[in-house]
Amino acid sequence: MTTYKFPHNFLWGAATASYQIEGAWNEDGKGESIWDRFSHTSGNVANGDTGDVACDHYHRYEDDIALMRRLGLKAYRFSVSWPRVIPNGRGKVNLNGLDFYDRLVDSLCAANLEPFLTLYHWDLPQALQDQGGWENRDTAYAFADYAALMVKRLGDRVKSWATFNEPAVIAFVGNLYGAHAPGFKDQGIAYRVAHNVMVAHGLGVQAIRNANSSLKAGIVLNLWPFEPETDSPKDAAAAEAIWKESETHFLEPIFNGYYSPEAYEKAEQHLTTFKDGDMALIAQELDFWGVNFYSRHVISGEGKFVKVPGSEYSEMDWEVCAPSLRRLLVRLYQDYKLPPLYITENGSAFQDEVSADGKIHDPRRLDYLKQHLIHTRLAMLDGVDVRGYFAWSLLDNFEWAYGYTKRFGLVHVDYETQKRTVKDSGKWYAQVIWSNEVKE
Ligand code: FCB
């Protein structure tokens, strides 16, 4: 048996996002978000599911924090619903909304859990979407004001602030593929959104620091490595070309201050709101960054996505391949000058069943987490500066266009009764945290 010991100050956590768990979609003065609008429009989400109630976390956050304590978590990553605190996106503040996050943060601190806050995990105020959403550059300035408001209220207790979760998904899944809110299928919009979100990130980091210079500011990116099907040079070249075209779209501007030639060639004609100084604004120095890792893509010499015979695939049809995580991290730290890293999301959806004994035996999820933690540790031994790990997710929750059909939680949620049950993987994770090591 091999034992993988983690450094004593390694930050063990779990992550969620506001729209996926909170519910209370129209309570206490909250404004409508683009996800409220999108899920209320039929045909957008599996089974017509919505986040109206979700895990009812808005009302049950105390119980959920008690669960976090049971798991022994050291940190909790959550996001703020912008329209809950500023219903129209700019202007009038909803004090009830601010009070909710204030109580949440107080309870986290009382339970000795470090709050990791994400300002934007996809629930844009609908009122801003009505004025063009992220395609309108003004949204970036509204975002900076919202960031400043949140820092003023919570900056005395929340030290780690991420501006955005997964800009690539915001821009392309929401505006090119149409699978997420606001549901557009338009290349021009997608590229302008990508750019304006990065501008908003830069402005947001400045706003966070201006409001409180002692805070740590960062961003969370989703990265899917593209790996060749075989070790032939043709396959390697095809995989590398796709990596350059897609994954560097955000990496290069944020960490190097320019678009890669491959990304710029495609984006340039659409960047009608580009201003001098944007690239410097986008490339703010960061205190940390987050990587959300789930899987990899395997690419044939013809540039096609292929499935790997014999490999395990999850309910999302994502390949389970933990060594790719290690390779990805090592590569990133070779290619870029990067700040310390947190794995801000990692996890897997499998079909869970509640057994006759009332327990949820989920060996495949447990093994997924184990393998990814081992490869995180191996990347650290290779020299990658990983400071912590957040499992996705604390709870089963609303999985965007898939509604409630995909369960990622360490904790099972019965959506009829809102009963929470810690799965075997959650119990195992608690043991890992307690012992600060993974055994294989
Ligand atoms: C990520 C999202 C997160 C969750 C997981 C499965 O892309 O950030 O909200 O949906 O995928």
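Just so you know, ligand 1 is whichever comes first in the structure, and atom 1 is the first atom listed for that ligand.
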Residues [X], [Y]: salt bridge by 4.0 Å N-O rule:
{"X": "Glu114", "Y": "Lys159", "answer": "no"}
{"X": "Arg84", "Y": "Asp123", "answer": "no"}
{"X": "Arg103", "Y": "Asp99", "answer": "no"}
{"X": "Glu247", "Y": "Arg296", "answer": "no"}

Practice task
Work out whether the distance between some heavy atom of Asn222 and some atom of ligand 1 is less than 4.0 Å.
Solution key: no
Exercise for the section: Could you pull out the closest heavy-atom pair between Phe172 and Ala194, with the gap in Å? Expected result: CZ-CB, 4.4 Å
Out of all atoms in ligand 1, which are within 4.0 Å of some heavy atom of [X]? Include the element for each.
{"X": "Asn165", "answer": "8 (O)"}
{"X": "Trp400", "answer": "3 (C), 4 (C), 9 (O), 10 (O)"}
{"X": "Phe408", "answer": "6 (C)"}
{"X": "Glu166", "answer": "1 (C), 2 (C), 7 (O), 8 (O)"}
{"X": "Glu399", "answer": "4 (C), 6 (C), 10 (O)"}

Problem - Cation over ring face, Lys266 and Tyr191, 6.0 Å, 45° - result: no
Problem - Six-ring centre of Phe6, Arg377 cation under 6.0 angstrom, axis tolerance 45° - result: yes
Practice task
Please test Arg209 against Trp161 for side chain to side chain contact (heavy atoms under 4.5 Å, CB included), starting from the C-alpha separation and ending with a verdict.
Solution key: CA-CA 10 Å; Arg209 297 225 166 98; Trp161 293 72; over 6 Å; no
Checking the N or O distance criterion of under 3.5 Å, is ligand 1 in contact with [X]?
{"X": "Trp392", "value": "no"}
{"X": "His121", "value": "yes"}
{"X": "Trp122", "value": "no"}

Fill in the blank from the handout: Nearest non-hydrogen protein atom to atom 5 (C) of ligand 1, with distance, is Tyr294 OH, 3.2 Å
Exercise for the section: Specify the protein heavy atom at minimum distance from atom 3 (C) of ligand 1: its residue, its atom name, and the distance to 0.1 Å. Expected result: Glu345 OE1, 3.3 Å
Problem - Residue part near ligand 1, for Val169, under 4.0 Å between non-hydrogen atoms - result: neither
